[in-house]
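Below is one structure, written out as structure tokens; comments come after it.
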Amino acid sequence: MAKNRIQFICQNCGSTHSRWAGKCDGCGEWNTLVEEGTSGGIGSGPGKMAMRKGRAVALTTLSGEIEDAPRIQSGIGELDRVTGGGFVRGSALLVGGDPGIGKSTLLTQAAAALARRGNRIIYVSGEEAVAQIRLRAQRLHAADTSVELAAETNVEDILATIDTKPRPDLVIIDSIQTLWTDAADSAPGSVTQVRAGAQAMIRYAKSTGAAVVLVGHVTKEGQIAGPRVVEHMVDGVLYFEGEGGHHYRILRTVKNRFGPTDEIGVFEMSDKGLREVSNPSELFLGERNEKAPGAAVFAGMEGTRPVLVEIQALVAPSTLGTPRRAVVGWDNSRLSMTLAVLEAHCGVRFGQHDVYLNVAGGYRISEPAADMAVAAALVSSLAGIPLPANSVYFGEVSLSGAVRAVAHAAQRIKEAEKLGFKQAVLPLGGGELSRPRNFTLTETGSLPDLVARIAASGPGKNAQNRD
Ligand code: TYD
Ligand code: MG
């Protein structure tokens, strides 16, 4: 006969264990296992409360009446694109980000924009007092809208408040970490409370058809604080990111059940709130020092949109036994790979040099298409030869040293042309797609070919050009 089980749940990652341990096997965190519920779950056998007999639910067809447009658009282009065309009715969206990054600002602006379009919006804040929120709304010129406001943290009270007619179009809960429910007896902010609170809000969204946005704080490690389980429960997860010292913010889709997951929205934080940046390339290119060696412009793609960004490399003689390799904004192991390919196939030696790689403006690149731009920047820095300032680079490098074609070549070239660049170094075959006038396409089949080209434009030739 099965006995009631005691289980231990990790407060960090939510994994369950049958025995207590100091360290969670799931995430490696210490002292995070807590004893929880003794319910044996489904089929725990006799001795348990008699199980309720199931009630048949009405089956229905795929086609049928849908009451409203399934999405509500804010008219803030960068936000609507990231959500895949607007907030989806009946869905729950999690917006994560560091404290102070601008989540409340973004959602206040979105709430105001939606309210101006005739939607009923409820903003529930558990973090700030009504006066604080009003102050922010005044600063954002959102105070004159019909957004309804409450400062509350109890889940039952919130549900009673928002369960009114007409049904709200969007409910914003700021933040999920402040929610607590009578049903669970642990402290607010603990895994059990956050999970129960999120579950109640998701159930509300599904049953009423209102869109729900949950705000979540992110820990130092970059995860939504407390349970990662909330990420699995919601329909979409957006991260709001930014670098200290920079004014721009990137809204990135991590999960989306109703749209693409590779979109970004770019904003700039000003004294009047967040401003859309519809041409991010101009932002990431910033002020360039065009004569300095070690800088290459990468023509990248973010979802459906091309983004140009400068890659900066510094290769300096090392005094250390094991030279340093440091990367900001790119993948560490991809840098090692690119260095190895340059050493093995192109005879470029980095063994005695420290290598630093930085993506300008605090931007993060995840595309392999950046390989060629990185290689060009590295070689340029090592040789002390500046790359042509009017050139962009893209192409994936394979371990054999060959340069492979990447998707969306035509779009990348078009963006470069639009921003005044005059040439592109790209993989073989890329130039057949589009040939803009007054724009040179240099097809490069292999990395040794690229290195030879950079070397050929070396100081001797440059000196002649300068005269
Ligand atoms: P906030 O939205 O409160 O952050 P979060 O909700 O993610 O914790 O944003 C706080 C920061 O934004 C704060 O440092 C001040 C800055 N800010 C501006 O620069 N301009 C503005 O108009 C507003 C409202 C905030
Ligand atoms: Mg906030």
Side-chain angles (χ1 to χ4, degrees), residues 74-76 78-79 82-83 87 92-116 121-145 147-155 158 170-180 188-189 193-194 197-198 201 212-226 230-231 234 236-254 264-277 283 361-362:
S74 64
I76 302 176
E78 297 292 299
L79 177 65
V82 172
T83 49
F87 296 109
L93 185 71
L94 182 67
V95 177
D98 293 324
I101 204 77
K103 301 180 293 298
S104 305
T105 308
L106 175 71
L107 290 170
T108 308
Q109 285 182 265
L114 284 164
R116 284 202 185 99
I121 314 294
I122 299 183
Y123 192 109
V124 182
S125 177
E127 308 219 316
E128 289 154 304
V130 168
Q132 277 176 296
I133 303 166
R134 282 194 184 139
L135 210 62
R136 179 191 288 123
Q138 269 174 15
R139 199 161 148 184
L140 301 174
H141 299 298
D144 58 340
T145 57
V147 177
E148 290 159 72
L149 187 63
E152 182 52 60
T153 53
N154 179 271
V155 174
I158 292 173
L170 178 74
V171 178
I172 297 165
I173 306 288
D174 186 4
S175 69
I176 179 89
Q177 272 93 11
T178 58
L179 289 188
W180 64 278
Q193 286 286 9
V194 171
M201 295 317 302
V212 169
V213 173
L214 305 170
V215 174
H217 291 296
V218 162
T219 58
K220 278 204 298 300
E221 292 80 38
Q223 266 143 16
I224 307 252
V230 174
E231 292 195 20
V234 293
V237 180
L238 307 180
Y239 272 92
F240 205 36
E241 313 169 331
E243 285 287 312
H246 290 291
H247 284 298
Y248 70 87
R249 306 277 185 265
I250 297 175
L251 189 64
R252 192 183 288 278
T253 332
V254 177
I264 62 165
V266 185
F267 297 89
E268 198 175 359
M269 183 64 96
S270 70
D271 56 348
K272 292 193 182 58
L274 292 159
R275 208 174 52 74
E276 287 182 72
V277 178
L283 193 73

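Order of listing sets the numbers, starting from 1, for every ligand and every atom in it. One-based numbering along the sequence shown.
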What pair of heavy atoms forms the shortest contact from [X] to [Y], and how long is it?
X: W180; Y: Q193; answer: CA-OE1, 3.4 Å
X: L94; Y: G216; answer: CD1-N, 4.3 Å
X: S175; Y: E127; answer: OG-OE2, 2.8 Å

Backbone, side chain, both or neither: what part of [X] comes under 4.0 angstrom of ligand 1, heavy atoms only?
X: V215; value: neither
X: S104; value: both
X: K272; value: backbone
X: R136; value: side chain

In Å, rounded to the nearest 0.5 Å, how long is the span from CD1 of I173 to OG1 of T178?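 I173 CD1 to T178 OG1: 8.5 Å, rounded to 0.5 Å.
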Say you draw a straight line from NZ of K103 to CG of D174; how long is it, rounded to the nearest 0.5 Å?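 Answer rounded to 0.5 Å: 7.5 Å.
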Flag for Q109-H141: side-chain donor and acceptor within less than 3.5 Å: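 H141 vs Q109: no donor-acceptor pair found between side chains.
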Do me a favour and list the nearest non-hydrogen protein atom to [atom] with residue, atom name and distance?
atom: atom 25 (C) of ligand 1; value: T105 OG1, 3.9 Å
atom: atom 15 (C) of ligand 1; value: R139 NH2, 4.9 Å
atom: atom 4 (O) of ligand 1; value: G102 N, 3.1 Å
atom: atom 12 (O) of ligand 1; value: M269 CE, 3.2 Å

Atom 21 (C) of ligand 1: any protein heavy atom closer than 4.0 Å: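 Answer yes: something from the protein, a heavy atom, is under 4.0 Å.
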Any heavy-atom pair between the side chains of R116 and V147 that's under 4.5 Å?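 They are not in contact (no side-chain heavy atoms under 4.5 Å apart), so the answer is no.
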For the side chain to side chain contact (heavy atoms under 4.5 Å, CB included) test, which of V215, I172, T83 pairs with L93?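 Only match with L93 under side chain to side chain contact (heavy atoms under 4.5 Å, CB included): T83.
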Taking N or O atoms only and a 3.5 Å limit, does H217 qualify as a polar contact for ligand 1?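 No.
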Does an N or O from G273, backbone or side chain, lie closer than 3.5 Å to an N or O of ligand 1?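 In this structure, G273 places an N or O atom under 3.5 Å from an N or O of ligand 1.
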Quick one: which ligand 1 atoms are inside 4.0 Å of a heavy atom on S270?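 Listed by number with element: 18 (C), 19 (O), 20 (N), 21 (C), 22 (O).
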Going by heavy-atom distance to atom 13 (C) of ligand 1, choose the closest among G100, S175, S125.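 Of the listed residues, G100 has the closest heavy atom.
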So does S104 have any N/O/S atom less than 2.8 Å away from the Mg ion (ligand 2)?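 Here the distance criterion (N, O or S atom, under 2.8 Å) is met by S104, so yes.
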Taking only Lys NZ, Arg NE, NH1 and NH2, and the carboxylate oxygens of Asp or Glu, determine whether R249 and E241 approach each other closer than 4.0 Å.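 No, no charged N to carboxylate O under 4.0 Å.
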